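Heavy atoms only: backbone and side chains are in, while hydrogens, waters and symmetry mates are out. Everything numeric here is computed off the predicted structure, so don't read it as measured data. Throughout, numbering of the chain's residues begins at 1 and tracks the sequence.
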Amino acid sequence: MSRVNLVEKLALFSSHWDPKVIADYNGNDVMVVKFQGEYPYHFHADTDDFFLVLEGEMVMDIEGEPSEIVRAGELYIVPKGVTHRPRAENECKVLLIEPKGEPNSGSGDPATAAPKPRI
């Protein structure tokens with residue numbers, strides 16, 4: 001494995017809510033993604049959800065809790081089974097880590113999940 005330049009990887013795409021795998025780590029996908037707008041509420045039954053904001057700011061909505069602002073340089077981990085929704089008013093760049101095969105939708109159904117291509 002060689003080094004990965006996050007800025008270069010993020011420059012390769014402009015779509016939102018479309019994670020790209022950039023590395024493998026102990027059976028996990030390390031991904032970069034751009035957020036803008038809001039993602040639907042969802043949960044992951046079997047895994048925590050890891051978000052590291054690289055640029056901009058993300059709002060994390062947890063069902064029944066006050067929203068939290070997560071700024072560049074901060075990370076947020078949603079425990080498994082917790083219903084949540086990330087959103088961003090302006091474009092936000094985020095690093096994600098999740099187990100290989102975990103559907104992006106959080107629904108547990110790979111058929112409804114967005115693909116996670118490697119760049």
Pairs meeting criterion ring pair (Phe, Tyr, Trp, His ring centres under 6.0 Å) with involvement of residues 65-93, two or more places apart = H42-H84, H44-H84

task = List the atom of Q36, the atom of E89, and the distance in Å for their closest heavy-atom pair.
result = NE2-O, 3.5 Å

message = Membership question, hydrophobic clusters at under 4.5 Å side-chain separation (ILVMFWY): are V94 and V7 in the same one?
response = no

key: Shared hydrophobic cluster, L54 / I69 (ILVMFWY, side-chain heavy atoms < 4.5 Å)   = no

ask   = Does any non-hydrogen side-chain atom of V70 lie less than 4.5 Å from one of F51?
value = no

ask   = Should the heavy atoms of other residues, nucleotides or ligands under 6.0 Å from NZ of K80 be counted, would the total exceed 12?
value = no

task = Calculate, to the nearest 0.5 Å, the distance between atoms CD1 and CG belonging to I22 and L95 respectively.
result = 5.5 Å

F50 reachable from L6 in the ILVMFWY side-chain graph, under 4.5 Å edges = yes

inquiry  = Run F43 and T83 through side chain to side chain contact (heavy atoms under 4.5 Å, CB included) and show every step you take.
reply    = CA-CA 5 Å; F43 69 94; T83 301; 4.0 Å; yes

key: Contact check, side chains of V30 and D24, non-hydrogen atoms, under 4.5 Å   = no

message = Any non-hydrogen side-chain atom of P19 less than 4.5 Å from a side-chain atom of E98?
response = no

request  = For P79 and D48, work out which heavy atoms get closest and say how close.
outcome  = CA-OD1, 3.4 Å

ask   = Out of curiosity, D61 CG to R85 CZ, how far, rounded to the nearest 0.5 Å?
value = 4.0 Å

inquiry  = Starting from L12, can I reach V32 by hopping between I/L/V/M/F/W/Y residues whose side chains sit under 4.5 Å apart?
reply    = yes

task = Spell out, yes or no, whether Y39 and V59 are grouped together once hydrophobic residues are joined by side-chain heavy atoms under 4.5 Å, including indirect joins.
result = no

ask   = Is there a donor-acceptor contact under 3.5 Å from the side chain of E74 to the main chain of R71?
value = yes

message = Please report the interatomic distance CD1(I62) to OH(Y41), rounded to the nearest 0.5 Å.
response = 8.5 Å

ask   = Which pair of heavy atoms, one from S67 and one from R87, lies closest together, and at what distance?
value = OG-NH2, 3.5 Å

request  = For the pair W17 (side chain) and K34 (backbone), establish whether a donor and an acceptor sit closer than 3.5 Å, ignoring hydrogens and angles.
outcome  = no

ask   = Which value, rounded to the nearest 0.5 Å, describes the distance between L96 atom CG and D29 atom CG?
value = 10.0 Å

request  = May I ask you to test the D18-K20 pair for a side-chain heavy-atom distance under 4.5 Å?
outcome  = yes

ask   = Quick check: are there more than 12 heavy atoms from other residues, nucleotides or ligands sitting under 6.0 Å from CG of N5?
value = yes

M31 side, atom CE; N28 side, atom CG - distance, nearest 0.5 Å = 8.5 Å

message = Using 0.5 Å steps for rounding, measure from the CE atom of M58 to the CD atom of E38.
response = 14.0 Å

ask   = Looking only at heavy atoms, which two atoms of V33 and F13 are closest? And how far apart?
value = CA-CZ, 4.2 Å

